[in-house]
K.L.:
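Below is the structure I would like to discuss, written out as structure tokens.
All values reported here derive from a predicted model rather than from experimental measurement.
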Amino acid sequence: MADPWRRKPALQVVREGNPGKRPVPESVKVPPGELAEPDWRDTFRPADDPEQEAINARCRLVAAQEWKRVVPVLKLAVGLGDTDTTVLKDYCVTVARIDQCERELSANGLLVRGERGWQKNGATTIAGQYRSQLARYIRELGLSPSARTAITTPETDDESDVWD
């Protein structure tokens with residue numbers, strides 16, 4: 001049950017309206033906008049090496065799929081604006097890089113032969129760092145079940161289901 005004495009976060013007040021007329025900082029208010037999908041070729045550049053190009057093409061595909069999966073839901077649930085493009089792009093890049101690391105680990109294993117014997121595959125460390133960053137993005141964007149409980153959908157005038 002929600003705490004009746006705790007104030008709503010400023011973004012929630014902006015989304016749901018401000019019946020109490022309490023002041024909301026101007027920096028919180030973001031006008032809604034159309035979020036244009038980034039050109040993933042700028043982030044995952046084409047490469048001359050066919051093997052590296054295959055990896056970058058896979059990253060472009062994963063990032064684009066993630067963008068198409070989360071943006072429509074977040075536009076309805078959170079009311080994203082143009083200023084949120086960078087956070088969403090970073091989220092999609094993180095998902096793509098985790099996929100890349102997991103593929104590297106599947107291909108070469110957790111341990112690799114190095115100059116001084118068996119060593120931990122560097123992709124394990126990179127994947128761990130990306131996963132901790134992903135957890136922050138998930139919390140920030142309200143993509144986990146626990147984060148979604150803190151977000152309420154904006155009130156709509158029509159009776160239609162927002163998920164149709």
Side-chain angles (χ1 to χ4, degrees), residues 1-3 6 8-15 27-28 30 32-154 162-163:
M1 183 172 176
D3 185 359
R6 184 177 294 172
K8 290 181 183 179
L11 282 174
Q12 187 175 354
V13 169
V14 170
R15 275 195 318 269
S27 62
V28 173
V30 176
E34 282 300 315
L35 296 171
E37 183 175 356
D39 182 8
W40 299 111
R41 289 184 162 274
D42 291 340
T43 304
F44 306 106
R45 297 190 183 276
D48 293 332
D49 178 30
E51 187 176 324
Q52 185 61 44
E53 175 54 32
I55 291 169
N56 287 354
R58 168 78 184 181
C59 286
R60 286 191 292 268
L61 175 70
V62 170
Q65 287 174 338
E66 191 66 15
W67 181 276
K68 289 177 180 111
R69 186 181 75 85
V70 299
V71 167
V73 173
L74 288 175
K75 281 173 73 173
L76 284 174
V78 182
L80 297 174
D82 292 330
T83 58
D84 301 312
T85 304
T86 304
V87 173
L88 284 167
K89 180 181 175 185
D90 287 347
Y91 165 78
C92 293
V93 168
T94 301
V95 170
R97 291 298 187 195
I98 289 172
D99 179 74
Q100 180 183 359
C101 288
E102 291 300 329
R103 289 177 157 278
E104 161 69 22
L105 292 171
S106 295
N108 298 323
L110 294 173
L111 298 174
V112 293
R113 190 74 134 155
E115 289 180 12
R116 294 179 280 179
W118 290 98
Q119 298 174 346
K120 180 171 76 168
N121 189 333
T124 57
T125 303
I126 296 168
Q129 291 170 342
Y130 273 119
R131 285 188 192 285
S132 67
Q133 188 62 38
L134 182 67
R136 287 188 202 104
Y137 287 132
I138 286 172
R139 222 175 12 256
E140 176 114 3
L141 295 170
L143 294 172
S144 70
S146 62
R148 278 193 301 271
T149 59
I151 296 175
T152 58
T153 58
V162 294
W163 306 114

K.L.:
Among residues at least two apart in sequence or on other chains, which ones pass side chain to side chain donor-acceptor pair (under 3.5 Å) with Lys120?
P.N.:
Thr125
K.L.:
Looking at every heavy atom in both Trp67 and Ala36, which two are closest together, and how far apart are they?
P.N.:
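Answer, listing the atom of Trp67 first, then Ala36: CZ2-O, 3.5 Å.
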K.L.:
To the nearest 0.5 Å, how far apart are OH in Tyr130 and OG1 in Thr94?
P.N.:
6.5 Å
K.L.:
Could you tell me whether the side chain of Leu74 reaches within less than 4.5 Å of the side chain of Leu35, counting heavy atoms only?
P.N.:
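The answer is no, as the side chains (C-beta and beyond) never meet within the 4.5 Å cut-off.
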K.L.:
Restricting to side chain to side chain donor-acceptor pair (under 3.5 Å), what partner residues turn up for Gln129, sequence neighbours left out?
P.N.:
none
K.L.:
Could I get the full list of side chain to side chain contact (heavy atoms under 4.5 Å, CB included) partners for Arg45, not counting sequence neighbours?
P.N.:
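Partners of Arg45 under the side chain to side chain contact (heavy atoms under 4.5 Å, CB included) test: none.
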K.L.:
Which atom pairs, donor and acceptor, lie under 3.5 Å between side-chain atoms of residues 85-92 and protein residues at least two apart or in another chain?
P.N.:
unit_1, atom_1, unit_2, atom_2, d
Thr85, OG1, Asp82, O, 2.9
Lys89, NZ, Thr43, OG1, 3.3
Tyr91, OH, Glu66, OE2, 2.5

K.L.:
Taking the side chain from Arg41 and the backbone from Pro46, do they hold a donor-acceptor pair closer than 3.5 Å?
P.N.:
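Checked: no pair found.
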K.L.:
How would you list, by chain and number, every residue that makes a side chain to side chain donor-acceptor pair (under 3.5 Å) with Glu37, sequence neighbours excluded?
P.N.:
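Once residues adjacent in sequence are excluded, the partners of Glu37 under the side chain to side chain donor-acceptor pair (under 3.5 Å) criterion are Trp40.
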K.L.:
For Arg97 and Gln100, test the side chains for any donor-to-acceptor distance below 3.5 angstrom and give the result as yes or no.
P.N.:
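Indeed, the side chains of Arg97 and Gln100 share at least one donor-acceptor pair under 3.5 Å.
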K.L.:
Which heavy atom of Asn56 sits nearest a heavy atom of Phe44, and at what distance?
P.N.:
O-CB, 3.8 Å
K.L.:
Rounded at 0.5 Å granularity, tell me how far CZ in Arg139 sits from CG in Leu134.
P.N.:
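It comes to 10.5 Å.
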K.L.:
What distance separates Leu141 CG from Arg136 CZ, expressed to the nearest 0.5 Å?
P.N.:
13.5 Å
K.L.:
What side-chain donor-acceptor pairs closer than 3.5 Å can you find for residues 105-119, not counting sequence neighbours?
P.N.:
unit_1, atom_1, unit_2, atom_2, d
Ser106, OG, Glu102, O, 3.0
Asn108, ND2, Glu104, OE1, 3.1
Asn108, ND2, Glu104, OE2, 2.7

K.L.:
Quick check: closest heavy atoms across Ala96 and Cys59, and the distance to 0.1 Å?
P.N.:
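For Ala96 versus Cys59, the nearest heavy atoms are CB-O, 3.5 Å.
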